[in-house]
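The chains referred to below are lettered A, B, ... by the order of the sequence lines, with proteins before strands, and numbering in each begins at 1.
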Protein chains: 2
Amino acid sequence: MALSNEVAENAEVGRKGILDAAAQLFGRQGYGAVSLRMIAESAGIKAGSIYYHFASKDAIITEILDAGIQAVHDEVRDRLAALDADAPARDVLRAVIHGHLGALLEHGDYTSANVRIFGQVPPAVRDANLPVRRAYENFLDDLLSDLQTQGAIRGDINLPRFRLMLFGALNATLEWFDPQKGDAEGLADDYADMFLNGILNRDGEKI
Amino acid sequence: MALSNEVAENAEVGRKGILDAAAQLFGRQGYGAVSLRMIAESAGIKAGSIYYHFASKDAIITEILDAGIQAVHDEVRDRLAALDADAPARDVLRAVIHGHLGALLEHGDYTSANVRIFGQVPPAVRDANLPVRRAYENFLDDLLSDLQTQGAIRGDINLPRFRLMLFGALNATLEWFDPQKGDAEGLADDYADMFLNGILNRDGEKI
DNA sequence: GTCTATATCTGGATAGAC
DNA sequence: GTCTATCCAGATATAGAC
């Protein structure tokens, strides 16, 4: 009986256990600071065993990076799908911001690992992640383009530049926001308000 | 004659040569990817010689991080000082954005190194950089607070949160903007416009 | 599928000659 | 102030037992 139990326990670690442990460590400590020994210990196995599942450290990173983008893309897509077909532009943009920020701050080590370590990995690994990134960028650019054509977004806004600005601001929240202490949805509300309406007081114009 | 020339050449490398080489490499490749041997080679000396000037790799980083923040702080302060005393809030905020972005993108390896590697260095090094960061943050918070009291910034804007959002968006430009190809001042104009006025079309409200 | 043991390399750091 | 030579710790990765 002991044998079959041990086998079952070992089998549970496996590939996913390594990926989960690695994603958590990379997201918190960065690419260079995390060794295969640390990943192995966190996953409950020995360092050498990792090579049964992955060919290299970079192979692990590559998979984590792709999963991270995909999770954000999926979350944003789902929130948009939940809207009414005739939802106003404000709600569409809010859904994007809430989805992106929610995936980043609340769901998961893969998304935060992606944001944190993408700039630190070797160029070859970065290149491998580009197709998935591009797909998400194109998805958003199409959406924004529609909103601008409809007249909801000002015509003089440079859309790719706005997207880069938005991503920069949203992704940077990882560096200081703690979802345990603060309210991620409230943060998304504040950000959406600033992006959509600006910070200047317009009382003078309205009156 | 040869002797004195050689001494002069060697003396020119020294402390500053090491810092400059290190800042450039760190800013481009990240903390973990840059070794002391690489820094030494780029500075034109051997790795062992670095320890005449610095006690450790972290001592080099610490100095670069402080210089980076200070350069941005100085640039923003100077641009504000160049304004008329009764300059409108729009111009004050524009000066901040132009100064921060200008220091980041055009003047120097130290500022970009700071943004790129701050999240990668050991905690002790990060802590050492905090006082200089805090000083810049407090400087901006005081400025924003004045503008809000005057009624220029909407009363319901959470100022520390706006500052974090602003920094996130501005600092992220390092990841994609190339000042050789694009116009940094034009970029600052676009960003300032989006932050101050928002991206939504307001024609309907005005008419 | 995981273990132990180890090969190989590269990193930061030190000592002493010049 | 810089060089050469070297120590030592820690990294990725491999080989073969179980």
To the nearest angstrom, the CD1-C1' distance between A/Ile50 and D/dA13 comes to 11 Å
note: A/Phe54, atom CZ; C/dT2, atom P; distance rounded to Å ~ 11 Å
Atom CD1 of A/Ile18 and atom P of C/dG1 are separated, to the nearest Å, by 11 Å
note: A/Arg15, atom CZ; C/dT2, atom P; distance rounded to Å ~ 12 Å
> Is the distance between the ring centroids of B/Phe162 and B/Phe167 less than 6.0 Å?
Replying inline: no
- Query: With a 4.5 Å limit on heavy-atom distance, are the side chains of A/Val76 and A/Phe139 in contact?
  - Reply: yes
Does a donor on one side chain and an acceptor on the other come within less than 3.5 Å for B/Asp20 and B/Tyr110?
yes
### Message
Is it true that B/His98 and B/Glu185 share a donor-acceptor pair across their side chains at a distance under 3.5 Å?
### Response
yes
**Message:** Angle between ring planes, B/Phe195 versus B/Tyr191, binned at 30° and 60°: parallel, tilted or perpendicular?
**Reply:** perpendicular
Any non-hydrogen side-chain atom of A/Asp156 less than 4.5 Å from a side-chain atom of B/Asp193?
yes
Residues of residues 20-28 of chain A with a heavy atom under 4.0 Å from any atom of DNA chain D, listed by number, are none
Donor-acceptor contacts under 3.5 Å from residues 22-50 of chain B side chains, at least two apart:
unit_1	atom_1	unit_2	atom_2	d
B/Tyr31	OH	B/Asp58	OD1	3.1
B/Ser35	OG	B/Met38	N	3.2
B/Ser49	OG	B/Lys46	O	3.4

5' to 3', nucleotides 3-18 of chain C under a 4.0 Å protein heavy-atom cut-off (B base, S sugar-phosphate only, - none) gives BB------BBBB----
Query raised in the report: B/Phe118 ring centre to B/Arg133 NZ or CZ under 6.0 Å, with the angle to the axis within 45°?
Result: yes
